[in-house]
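Beneath this line is the structure, given in structure tokens, with notes to follow.
Treat the numbers as computed from the prediction; the structure is a model and nothing was measured. Read the numbers this way: they start at 1 and go in the same order the structure lists the ligands and their atoms.
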Amino acid sequence: MYFSKSFIPILKNNPTEAKIKSHQLMLRVGMIKQSSAGIYSWLPLGFKVMKKIEQIVREEQDRVGVQEILMPTIQSSEIWKESGRYDDYGEEMLRIKDRQNREMLYGPTNEELITEIFRSSIKSYKSLPQLLYHIQWKFRDELRPRFGIMRCREFYMKDAYSFDLSDEDAFFSYNKFFLSYLKTFKRLNLSAIPMAADTGPIGGNLSHEFIILAETGENKIYTDKRIFDVDYTSTILENSSLEKLRRDYEKFYSVTDEKFNKAEFENKVPTEHRVNTKGIEVGHIFYFGDKYSKPMNASVDFNGKKEFVKMGSYGIGVSRLVGAIIEAKYNDKDEIMKWPISVSPYDCAIIPMISKNDSSNLEKSNKILDYLKSKNIDPIIDDTDENISAKIKKFNLIGIPYQLIIGKKTEGELFEFKEVGEQTQKLKIEEIASQINKAKSN
Ligand code: 5CA
């Protein structure tokens, strides 16, 4: 890709309307554009990052046996009346009437719709468990949309739903998601802490939020440093192993302010391990038993007996994660962003010094581009006539983790190569390709 042909509308300065760094940066480097309050268009740079996050989320769901489907954004009010949530959900639900005067709504979540899909097809306990997910836009008419795509009205969410015969089986499903979330966030280079949480309008009495630490987060959190050392890597998809994992986390006091109790915090966490900071909720899982299956009559036949299925739901804020990664990775002081290579919009920026009457560096860049592409690396060339330091500054903001600079210091076969935030190295193109590919395979 050539920078001059790409749609990356960079702003000279930070937009004044944005209060937190992710919102500032996303507007500054043209990742998103607001279309109305809390509703955004995703421009190529932002969209590429979000699609890569989505793909990682998808792969980790598939890995634990969750099946992908796609439900619509617009739902009928009928099923919400059956569950009793049509009135309960309140003003956050965007209600619409179609031309037949039927009450419709833009889905804020999908417990009702998935229950309706399940009950119309699954009749026997032998078909359980069923684990289903989709990745789809949601709409919540937030009273105060803010911080760009972090708390907006239209957002992209992965929501999964589990159906089991008994509480015990359902906890197994719940714990599978618990482990799979830790792995998903790890692949995004984030360290997310699972925390006991309130269930709000989704309901139920078992719930964990997955929170990443960030000064600008909206959730106050109280936790124990030692929770970061819990090792989940040896956990296997087997009941007792998964149960142990959840218990290992639950040993440590770790809550958001909704559940905070000062005396309990001080009692359970020795002073030197206390962490009192802020965080961003990137995922939330719920177990709510028959809260939806009972009123909506979703049951299976179990040896001649009718059993209401036990359900859970499991969300990840796919679009919010784009902002959350910026909050976690952006270095405010030096104005440097570095995307984890797993989600970076491009793998490498080729930055040639170009003067009016000498195009040799651009020609070299084209050859490098072809070579890197042949090694499955996705580069972008800055073919504009800006000076080299302006180009580097721009790419420091865009956050592509590797920069290959072709200028005065290029010597024969050796190129100036830099991992953002690290020292410049002089390397052969083959060494550069293998360094990038090594990072990509991690
Ligand atoms: N049905 C359940 C689980 S699938 C559910 O809706 N859970 S939720 O309300 O917690 O949302 C799941 C995730 O979506 C949250 O953890 C958060 O990361 C993201 N999210 C929720 N509201 C917003 C919003 N207004 N803007 C951006 N992301 C949001």
At under 4.0 Å between heavy atoms, which part of [X] makes contact with ligand 1: side chain, backbone, both or neither?
X	answer
I285	neither
K138	neither
R153	neither
M157	side chain

For [atom], closest protein heavy-atom neighbour:
atom	value
atom 26 (N) of ligand 1	C152 N, 3.2 Å
atom 5 (C) of ligand 1	I202 CD1, 3.7 Å
atom 13 (C) of ligand 1	G317 N, 3.9 Å
atom 20 (N) of ligand 1	F155 CE1, 3.5 Å
atom 7 (N) of ligand 1	F286 CE1, 3.4 Å
atom 15 (C) of ligand 1	E281 OE2, 3.0 Å
atom 17 (C) of ligand 1	R320 NH1, 3.6 Å
atom 27 (C) of ligand 1	M150 O, 3.3 Å

Would you call the rings of [X] and [Y] parallel, tilted or perpendicular, taking 30° and 60° as the class edges?
X	Y	value
Y314	F177	parallel
Y174	H208	tilted
F163	F118	parallel
Y402	F417	parallel

Test item: side-chain donor near acceptor, E111 and T109, under 3.5 Å: yes

Donor on one side chain, acceptor on other, Y86 and D88, under 3.5 Å: no

Step-by-step side chain to side chain donor-acceptor pair (under 3.5 Å) determination, Q24 to S22: CA-CA 5 Å; Q24 285 167 1; S22 59; over 6 Å; no

Taking 4.0 angstrom as the limit and counting only heavy atoms of [X], give me the atoms of ligand 1 inside it, by number and element.
X	answer
H284	10 (O), 16 (O)
R151	26 (N)
Y314	3 (C), 4 (S)
D159	4 (S)

NZ (K186) with more than 12 external heavy atoms under 6.0 Å: no

Cation over ring face, K394 and F3, 6.0 Å, 45°: yes

I'd like to know if [X] and [Y] make a salt bridge, using a cut-off of under 4.0 Å between side-chain N and carboxylate O.
X	Y	result
E59	R187	yes
D301	K305	no
E68	R58	yes

[X] to ligand 1: N or O pair under 3.5 Å?
X	result
T109	yes
Y161	no
E142	yes

Heavy-atom proximity to atom 9 (O) of ligand 1, best of E92, R140, E111: R140

Close approach of N110 to ligand 1, heavy atoms, under 4.0 angstrom: no

Rounded distance [0.5 Å steps], NZ in K51 versus CD1 in I56: 13.5 Å

